[in-house]
Protein chains: 2
Amino acid sequence: MTITYPRLNRDGAEPLWMQLMRALRAEIDSGELGPDQPLPSEAELSDMFSVSRTVVREALRELVQQRLIYKIKGRGAFVSPRKTELRFVGTTSGSADDLRESGRRVTTQTIHQSLGQADEREAALLRIPRGEEVVRLRRLRCVDGQPWLLVDTALPARLVPGLERAVLENQSLYDVLRRRYGIEPAAADRWIEAVFPDSEDAALLEVSTSTPLLGIESVAWLDDNTRFEAYYALHRSDQTRFYVGIR
Amino acid sequence: MTITYPRLNRDGAEPLWMQLMRALRAEIDSGELGPDQPLPSEAELSDMFSVSRTVVREALRELVQQRLIYKIKGRGAFVSPRKTELRFVGTTSGSADDLRESGRRVTTQTIHQSLGQADEREAALLRIPRGEEVVRLRRLRCVDGQPWLLVDTALPARLVPGLERAVLENQSLYDVLRRRYGIEPAAADRWIEAVFPDSEDAALLEVSTSTPLLGIESVAWLDDNTRFEAYYALHRSDQTRFYVGIR
DNA sequence: CCCGGCAGCCTGTCGTGACAGGTTGTCGAA
DNA sequence: TTCGACAACCTGTCACGACAGGCTGCCGGG
């Protein structure tokens, strides 16, 4: 391997293992390291970057977790043959945090934010009368600049007064709900299907209308069974796979 | 905390961190440690079990991964509240039962059944050496005569001797595993993506190759972390939507 | 040419020590 | 009683060292 690696920044601003992880991931993402190609051994990486093996192992562990590489018992680490994938736990609260923790830059822009009256579908999902006021949000979430998730959310206005004017840019909606309205999600139902986007959604997600996407419908409720949120999300599964853990 | 912990076995048969992880998990499972209760600090655990902090951190890391505990920045580890557990009604045994209960006729035919050697992907998923023997199954599940799910499963032959000759027609694989091999699934990871089928799969599912399908990759394991099953399923989401309940 | 043994490489595991920075609880001053 | 400062605690991060056991590749013998 004759790749010139970036020098690591030692000012303590960012852990060494994360910088190393990012450097290796960049090689993989860019295709410098192809599927099933071996990575240097831990000792070699340790030398190349002048860090301890602790740091190297930390970085490799993270990459394995992200399924970008796999390890063979006693033999070394290899680039995963599968396409690049992000890890995605649940869908809402946790997922963006997890991505951030794994060293990705997650941004969220609000495309639309308004007060309206619940249509049939929203009313049924939220278990409120049709016509009751709802706050509608349309938000686009990007990971490392790549469009990733397009979410249309509806919340009963009664539960979240003023949300239609709140600044949600780059904030977790669940954080806002928790801090501002004391809303603690208790449970949720979700349904997943494979669909094509319409032209507007396709444009926002920067895919063609013949790209298969994951469509995720969700309803979340409080301890007392009050439905507080319904959304439909379109998810680029070429970028990320939807992760579900069963325990 | 006045719990008496088991002494760790130092004969090298099992890593110390795994024993420690198991000991802590037993406390949680048994209810000795309730939801949101704090665990002893790393230093305390290190003293209590006479192991280095390396070992303690390894064990805690695994428990976090299993979502049995969560950590608070700079404050310690806590037992996860039960209610955030992910429950999941999806593609395996449970879902077929649900469908049957709702009056549908669920049939399963085995298309392929053989003994082979683990390829790279199977080896990585099942955490076995490449080339180790695996039983491969290809099964098509229909609901009311409509193709619904196409599953390619791989299981380590070591764990399920003779499965390559077993008659699986219209049986739940999990039932067979339980009754015949005493296999009790403890947990699983699943990843979902939207994909197009190849022509062979499309023919079996009776769809065109341009129909978006759900692709579901799954790994399931036992209590002791042994991976016993990996599968990739193709799911017609025009027929049924994939359901995920979060409790 | 084939095969078996052995050296060397590599990971997994474990221990020790160290320091920065954040959090908490306490205690005394106001 | 309230508030602010300080000490104690705790995790995250990093370095270095050590050893067992598995795997590979090479080399020499048959």
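So you know, we letter chains A, B, ... as the sequences are listed, proteins then strands, and number each from 1.
- Between the side chain of B/Q113 and the main chain of B/L163, a donor-acceptor pair closer than 3.5 Å is present.
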Assess whether salt bridge (Lys or Arg N to Asp or Glu O under 4.0 Å) is satisfied between B/R136 and B/E122, documenting all intermediate values.
-> CA-CA 10 Å; B/R136 292 207 185 89; B/E122 291 164 341; 2.8 Å; yes
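- Put simply, chain B comes within 4.0 Å of DNA chain C, heavy atom to any atom, from C/dT13 to C/dT24, going 5' to 3'.
- Residue A/E62 contributes atom CD, which lies 14 Å from atom C1' of D/dG12 at whole-angstrom precision.
- A salt bridge is defined here as a Lys NZ or Arg NE, NH1 or NH2 lying under 4.0 Å from an Asp or Glu carboxylate O, and B/D47 with B/R53 fails to meet this definition.
- For the pair B/R227 and B/W221, the cation-pi criterion (under 6.0 Å, within 45° of the ring axis) is fulfilled.
- For the pair B/R190 and B/E217, the salt-bridge criterion is not met [side-chain N within less than 4.0 Å of a carboxylate O].
- Of the side-chain N and O atoms in B/R57, one or more sit less than 4.0 angstrom from OP1 or OP2 of D/dG12.
- Atom CD in A/E58 sits about 13 Å away from atom C1' in D/dA15, given to the nearest Å.
- Ionic pairing of A/R236 and B/E193 is not present here: no N-O contact between side-chain nitrogen and carboxylate oxygen is shorter than 4.0 angstrom.
- Residue A/T54 is in base contact, counting any heavy-atom pair closer than 4.0 Å across all strands shown.
- Put simply, the side chain of A/R53 and the base of D/dG17 share no donor and acceptor less than 3.5 Å apart.
- Of the charged side-chain nitrogens involved, at least one lies within less than 4.0 Å of a carboxylate oxygen, so that B/K71 and B/E42 count as a salt-bridged pair.
- As a whole-Å value, the separation of A/W17 CH2 from D/dA15 C1' is 18 Å.
- Between A/R61 atom CZ and D/dG12 atom P the separation is 13 Å, expressed in whole Å.
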Under a 4.0 Å heavy-atom criterion, the protein footprint on nucleotides 20-25 of chain D, written with B, S and -, is ---SS-
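- A salt bridge is defined here as a Lys NZ or Arg NE, NH1 or NH2 lying under 4.0 Å from an Asp or Glu carboxylate O, and A/R22 with A/E27 fails to meet this definition.
- Side-chain contact, B/H112 with B/S114: a donor N or O sits under 3.5 Å from an acceptor N or O.
- With D/dG12, D/dA15, D/dC10 as the choices, the nucleotide that has an atom nearest any side-chain atom of B/K71 turns out to be D/dG12.
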